[in-house]
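Everything on this sheet refers to the single structure shown next.
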Amino acid sequence: MNQTDLRTTPHRRWNPLLREWVLVSPHRTQRPWLGKIDKTAPAPAVHYDPECYLCPGNPRAEGLRNPQYTETFVFDNDFPALLPDVSPNEMDQEGLLVARVERGICRVVCFSPRHDLTIPLMTQEEVRRVVDVWTREYQELGELAWVKHVQIFENRGALMGASNPHPHCQIWANGELPNIPVREQAAMRAFLAGKGRCLLCEYLRLEIEDGERIVCENEGFVAIVPYWAVWPFETMILSRRHLASLANLDDVEKGNLAEILRKLTIRYDNLFETAFPYSMGFHQEPTDAESHPEFHFHAHFFPPLLRSATVQKFMVGYELLAGPQRDITPEGAAARLRNLAETHYLGGR
């Protein structure tokens, strides 16, 4: 099968990280931007919202009040999904009704005191400070003896379930490894054992040689639309150097990470001239005090928008009952993103 066949014929692509197939149906929509292009009016640029429970000095739940923070601000989630002080317990009825108590810590990271500053609108220095906070939190939480996984993630926009527009992310530290990291780790470990090489190092080499799915890059990182992408404009950021976590980044690479995050998210916003919604998260080695030579640091971006600021892809029907499917080819999505300007459509700071 050649590249021409891939652009015109229904086919399946293999996701080596999750070890599952993705159905691609390029004949259904050769040009994803056909039809009406809708735009959403940008929200007013409000530096401070007296009703926002994440803005400096404002009250949060149960009477807690934020300090007058001036950079990033981290606090324990007032309504956490996990609790640190729970006793081990489990239930198992014939291997069918199985439950175990899960221990964890949930934190919130406000990127900036400003209510209107998302990552694509922040300066590189401001994003670098966020990277430093992510690194510190990953290390501090990972050093707890019972924490095996630290998940840093951002839900941007109401479409992704963000409960507050103030730019922020969450960090959940788990007592056990969650499902997706377990699957990725198993795939990377099996590849290393079978071929003696890192799965994502080898994959990145192929992507650099091909170049068609690269969105943007710098000395430390490459942002690509994965060959097996499911969401229309899904992307992945990969470190060029084989390293396992934020804790392994040197000072230059931390700056590179801040830069690539801005380059990618500015393109997202420019695509449909809207505050582009997505779920983003870093996958890093487990913090279980074991060696993980198989693990390669990377980030996933899963945005739902399809053709405009108001038209989104839904995972329904076939996707829920059979398997993931997409119409826009990853190559076409990468070209759209790659050709966008690196200056935000609302203007730079």
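Side-chain atoms of H296 and Q284, non-hydrogen and from C-beta on, never get closer than 4.5 Å to each other. Contact check for W21 versus N15: no side-chain heavy atoms found under the 4.5 Å cut-off. Looking at V109 and Q170, their side chains never come closer than 4.5 Å, going by heavy atoms from C-beta outward. Residues I224 and V215 are not in side-chain contact: their nearest non-hydrogen atoms beyond the backbone lie 4.5 Å or more apart. Residues F111 and T118 fail the side-chain proximity criterion, which asks for heavy atoms closer than 4.5 Å. Proximity of I171 to L141: side-chain heavy atoms (C-beta onward) are separated by under 4.5 Å at one or more points. Under the 4.5 Å side-chain criterion, counting only non-hydrogen atoms from C-beta, V222 is not in contact with M236. In this structure, P80 and I105 have side chains that are not in contact, with every pair of non-hydrogen atoms separated by 4.5 Å or more.
Looking only at distances, a side-chain donor or acceptor of H168 sits under 3.5 Å from a matching main-chain atom of H166. A donor-acceptor contact shorter than 3.5 Å links the side chain of R326 to the backbone of W231. Of the possible polar contacts, one joining the Q124 side chain to the G255 backbone as a donor-acceptor pair under 3.5 Å is found. No donor-acceptor pair under 3.5 Å is formed between the side chain of D210 and the backbone N or O of L206.
Atom CG of N66 sits about 8.0 Å away from atom SG of C52, to the nearest 0.5 Å. The CD atom of E154 sits 12.0 Å away from the CD1 atom of I152 when rounded to the nearest 0.5 Å. Remark: E285 CD to H149 NE2 distance equals 11.5 Å, nearest 0.5 Å. Interatomic distance, CD of Q68 versus OG1 of T70, reported as 10.0 Å (0.5 Å rounding). In this structure, L305 CG and T274 OG1 are separated by 7.0 Å, a value rounded to the nearest 0.5 Å. Within the model, atoms CG of N174 and CD of Q151 stand 8.0 Å from one another, a figure rounded to the nearest 0.5 Å.
Side-chain atoms of E126 and S112 include no donor-acceptor pair closer than 3.5 Å. Under the 3.5 Å distance criterion, with hydrogens and angles disregarded, a donor-acceptor pair is assigned to the side chains of D327 and Q325. Of the N and O atoms on the side chains of N58 and Y48, at least one donor lies less than 3.5 Å from an acceptor on the other residue. Defined by atom type and a distance below 3.5 Å, a donor-acceptor pair is present between the side-chain atoms of H300 and H298.
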Take E253 and R241 through the salt bridge (charged side-chain N to carboxylate O under 4.0 Å, His left out) test and state the conclusion after the steps.
CA-CA 9 Å; E253 287 168 327; R241 185 166 66 92; 2.7 Å; yes
Verify salt bridge (charged side-chain N to carboxylate O under 4.0 Å, His left out) between E184 and R19, making sure each step is shown before the conclusion.
CA-CA 8 Å; E184 287 195 354; R19 294 192 278 195; over 6 Å; no
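Electrostatic pairing of D132 and R128 counts as a salt bridge here, judged by a charged N lying under 4.0 Å from a carboxylate O.
Legend: residues meeting ring-ring contact (aromatic ring centres under 6.0 Å, His included) with F221, ordered by chain and number and at least two apart, are absent. Checked against side chain to side chain contact (heavy atoms under 4.5 Å, CB included), F75 has the following partners two or more places apart in sequence or in another chain: L54, R60, F73, D78, V108, C110. Under the ring-ring contact (aromatic ring centres under 6.0 Å, His included) criterion, Y278 pairs with F301, not counting sequence neighbours. Annotation: side chain to side chain contact (heavy atoms under 4.5 Å, CB included) contacts of A162 (sequence neighbours excluded): none. Residues forming a side chain to side chain contact (heavy atoms under 4.5 Å, CB included) with R183 (at least two apart in sequence, or on another chain): L18, E20, I180. Looking at residues two or more places apart in sequence or on another chain, you find no salt bridge (Lys or Arg N to Asp or Glu O under 4.0 Å) involving R338. In terms of the side-chain hydrogen bond (donor to acceptor under 3.5 Å, both in side chains) criterion, residue partners of Q185 (sequence neighbours excluded) are, by chain and number, H292, E294.
Sorted by first then second residue, the salt bridge (charged side-chain N to carboxylate O under 4.0 Å, His left out) pairs that include residues 160-177, not counting sequence neighbours, are K148-E176. Residue pairs that meet the side chain to side chain donor-acceptor pair (under 3.5 Å) test with at least one member in residues 187-207, sequence neighbours left out, are R197-E202, E202-R205, Y203-E207, R205-E209, E207-R213. Judged as a side chain to side chain donor-acceptor pair (under 3.5 Å), the pairs with a partner in residues 133-146 (not counting sequence neighbours) are, in order, R107-E137.
Seen from the ring of W228, R13 does not count as a face-on cation partner, given the 6.0 Å and 45° thresholds.
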Quiz: residues 81-92 side-chain donor-acceptor pairs under 3.5 angstrom, not counting sequence neighbours:
from : atom 1 : to  : atom 2 : distance (Å)
D92  : OD1    : G95 : N      : 2.8

Review item, side-chain donor-acceptor pairs of residues 257-269, under 3.5 Å, at least two apart:
from : atom 1 : to   : atom 2 : distance (Å)
E259 : OE1    : N218 : ND2    : 2.8
R262 : NE     : M122 : O      : 2.6
R262 : NH2    : M122 : O      : 3.4
K263 : NZ     : E217 : O      : 3.3
T265 : OG1    : L261 : O      : 2.7
T265 : OG1    : R262 : O      : 3.4
R267 : NE     : L337 : O      : 3.0
R267 : NH1    : K263 : O      : 3.4
R267 : NH1    : E342 : OE2    : 3.0
R267 : NH2    : E342 : OE2    : 3.0
Y268 : OH     : F233 : O      : 2.7
Y268 : OH     : T235 : OG1    : 2.8
D269 : OD1    : R156 : NH1    : 2.7
D269 : OD1    : F276 : N      : 3.0
D269 : OD2    : R156 : NH2    : 3.2
D269 : OD2    : H344 : NE2    : 2.7

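When all heavy atoms are compared, the tightest approach of L306 to P232 is CD1-CG, 3.6 Å.
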